[in-house]
2 protein chains.
Amino acid sequence: MTPVTLADVAREAGCSAKTVSNVVLGRPGASAETRVRVLDAVSRLGYIGDPAGRQLASGRTGRVAIVVPRLYQPYFAETAERLVLEIEGRGMTSTLVVAHDLETELRAVTAARDVDGVILCPHAVTDEMLDVTPPNRPTVQLGAYASRHFDRVVMGEYEGFRRLAGHLLAQGRRRIALIWSGEEGSEPRGPRFDGYRDALADAGIRHDPELVAFGSDWDRRASGFEAMTALLATGRRFDAALCVNDAMAIGAMRVLRTRGVRVPDDVAVTGFDDTVEGAFLVPALTSASPRGDEMVAAAVRMLVERIEGYDGPLREVQTGADLVVRASA
Amino acid sequence: MTPVTLADVAREAGCSAKTVSNVVLGRPGASAETRVRVLDAVSRLGYIGDPAGRQLASGRTGRVAIVVPRLYQPYFAETAERLVLEIEGRGMTSTLVVAHDLETELRAVTAARDVDGVILCPHAVTDEMLDVTPPNRPTVQLGAYASRHFDRVVMGEYEGFRRLAGHLLAQGRRRIALIWSGEEGSEPRGPRFDGYRDALADAGIRHDPELVAFGSDWDRRASGFEAMTALLATGRRFDAALCVNDAMAIGAMRVLRTRGVRVPDDVAVTGFDDTVEGAFLVPALTSASPRGDEMVAAAVRMLVERIEGYDGPLREVQTGADLVVRASA
DNA sequence: CTGAAAGCGCTTACAG
DNA sequence: CTGAAAGCGCTTACAG
C-alpha cells in the first residue's frame, strides 16, 4: 500500500514516464491509443501523483496563499471562502494564513514559501516596510490602501458610500453621524469618507466633525459598540449613523436598540459589506455590497497572470458597489 | 536573485549540506562552532529553504488539511481560525478545503495529497462510504457522528443541551419548542436531543413531539427562520425555543422579533456555539460554549500523534460545554 | 509520437 | 562531529 508512482503507471501502461506525465498533464505528445492505455493504468492503479515531485521538477507549487488578518469577522470569512473556491476552480490549491500580527503578515508576503503567489487582504503592512523587503512572490492586494508593490483590486468604497449617504439624504436625514474607524480625534479620510462628503456636497450640506465617533478596530463589532456609546454620551443629536462597515454597524445598532433609540425612526443605520449577518439583524441592516465575486475573480485572474509570467506595470481593477436597502435605513 | 539553496549555504559556511541540514532542522550533529558559522551564513544569504525538496526527501509535507463544509457560518469560521493558529503553533502549515459538496469532502479524506494528515469537520460523509474507500491519511474528526474510521473529538453537545434545557426549566418554562435540524416529520435524536430529554425527565416533564420544527440545513440562519415560521403557523403555544445552534437561533429570533413576540418575556430563546454574532444580537443570545480551544487542541494533538506514528486503537476525547447566560433566556 | 537521462533541493542511511 | 552519495517523484530539454 505504498503510494503509486509515475514509474508504476509507466510500467503498467508499457510506456515511458515522460509519456505518462504528458497524458496526466493534458499535454500533447501521446497517440490517442497510448493515452487510453495510460489513463487505464492510472485508474487501475489509483495513481494520484505526488505534488512534491511535480513541484520540485517544475518549480511550481500550484498553491496560492490567502492572507487575512482574521477569519471570525463576516467579511473575511466570506472573502476567504470565495477565494478558496475560485482558486480551486483554477485547478490550484490554497493555504490560508491568519495574520493576527504585523510580523506574520509581513512574513507571509516577503518570505512566502511553498506558494506561487499571494493574495493579501492587508491590515497592518505599509509600503514603507515593503520598500525595505519587497514581496518575494507575485502578490495581489484585495481592498485597502493603494500600494506601489502590488496589483490591486479596489473595492467600490467611494461609490458605495456615496450611494448610502445619498439614500439617507433622500429620506430627509440631515444630521448624519459617522461611526468610523481610526484614532480618536483624527480626521476621517479615504474613499469611504470621500463618497460620503461628495454626496453631502450634492445636497448642499457640510460635514459636521462633531458627529464623528471612532472605534479602535474597524473590523470588530465591539468597536462599533464603543463608538456609538461615546457618541451618545456627547448628547449630540443625529438622525442617521453611516457606519464604516457591517461589523461596526452591528455593534452600533446594538447600543441604539438597548438604549431604546428606535431604528430607523429615530436614527437610520447603514453598514457596508452586505453580510448575511446584517441581513438577519432586527431591523435588517441596509448596506452596500462590494460585489465580492467580482473582486475575487479579478484578484485571482491578475495573480494567475503574474504567476504565468506577465511582467508589465502595476494594475488596478476598480469594482462597483450596489445599494442594498433593508429595514434599518 | 535566484533562490538560495542548501548548497549555497554549505559553501558559504564551509561545510557539507548535511551539516547545514542538521543545523537548520535543529538536530544534533554539529559543533557549537559550526552551528554558529552555519546560522551566520543562513542569515547572511537569506536562506529560507524549499519545502518541496524537504518534502520529497523526508516524505513529510508539514501540512495539515482542514476540511469544513463552509466558512461563512460563524461556527466554522471561528473553528477554522483556531485550527489554523494551533497548527501554525506546531510549526506546520495548513490548507483549507471548503467542501461544499459530498464529492469534495470525500476526496479530501480519501485522496488527500500534499498533506500529512486531515482534520475533518464532517458534513455529508458517512462510515459506509469510508468502508469502501478508507482515508488515505491520518484523520481526526471534529464534532458530529461517531465514526469507526477516525480519532474523534466529541463536542459537549449532551452536556450543553442538558444545561440549556435545565436553565429554561429553572425559569419555569414548561412548553419548550425545539428548533431542530433534519427532515420534516422525523424524530429528533443524537446527543443534543438526549441532553434536552434527560433535563426534561429530571423535571418530570415529557417531550411534546408537536413542538418540534425542522430546518433543512442546521448550519444556516435561514433554516431557523423557516423552522420558526412553520412553528408559529401551527398556532401551538410555547414559552421557549431551544435551538440546535446559534445560527438557527438567529434566524428563529428574527421571526419572533419581527412578529412582535417578546424575547424572552413571551418566548425564551437559546442557541449553541457561543458565537460572537449571538452576543451582539438584541436581546443577546443565551447559548452554550463548546470550548473551542479545548476541542481544537485535542484534535491537533491526536492528529500529530498519528502523523508521528501512533498506531493504536481509535480514540475519543470528550470536551465539555459551559452555559453562557445572556438576555434571551 | 516516444524514450533515456539529468536534475529540481532536500534528507537519510552509510562511512569515517 | 562531519562528508560524499544516493534517492525521494516528478518534469524538462535533448534525441530519435
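Per chain, numbering begins at 1; letters A, B, ... match sequence-line order. All figures in this text were calculated on a predicted structure; none of them were measured in a lab.
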Seminar exercise, completed: When rounded to whole Å, the CD to P distance for the pair A/Q55 and C/dG9 reads 12 Å

Exercise. Looking at DNA chain D, which of residues 33-49 of chain B put a heavy atom within less than 4.0 Å of it?
Worked result: B/T34

Problem set entry | Watson-Crick or G-U wobble partner of D/dA4, both distances under 3.5 Å | none

Problem set entry | Between B/T61 and B/D114: side-chain donor-acceptor atoms closer than 3.5 Å | no

Exercise. Are any of A/R54's side-chain N or O atoms less than 4.0 Å away from OP1 or OP2 of D/dG9?
Worked result: no

Exercise. Which base, if any, makes a Watson-Crick or G-U wobble pair with D/dA13, both distances under 3.5 Å?
Worked result: none

Problem set entry | Within residues 12-24 of chain B, residues whose heavy atoms come under 4.0 Å of DNA chain C | B/K18, B/S21

Exercise. If you find the nucleotide of DNA chain D closest to B/A32 and the one closest to B/A57, which residue's nucleotide is nearer the 5' end?
Worked result: B/A32

Seminar exercise, completed: Given the options A/I66, A/L120, A/V153, A/L142 meets side chain to side chain contact (heavy atoms under 4.5 Å, CB included) only with A/V153

Problem set entry | D/dT12 phosphate, OP1 or OP2, under 4.0 Å from A/R27 side-chain N/O | yes

Exercise. How about A/Y75 and A/R70: does a side-chain donor come under 3.5 Å of a side-chain acceptor?
Worked result: no

Exercise. Rounded to whole angstrom units, what separation is found between the CG atom of A/D114 and the P atom of C/dC8?
Worked result: 19 Å

Exercise. From C/dT11, C/dG9, C/dC1, pick the nucleotide closest to the side chain of A/S31?
Worked result: C/dC1

Exercise. Any luck finding a side-chain donor-acceptor pair between B/E81 and A/H100 under 3.5 Å?
Worked result: yes

Exercise. Is it true that the side chains of A/T104 and A/D101 contain a donor and an acceptor less than 3.5 Å apart?
Worked result: yes

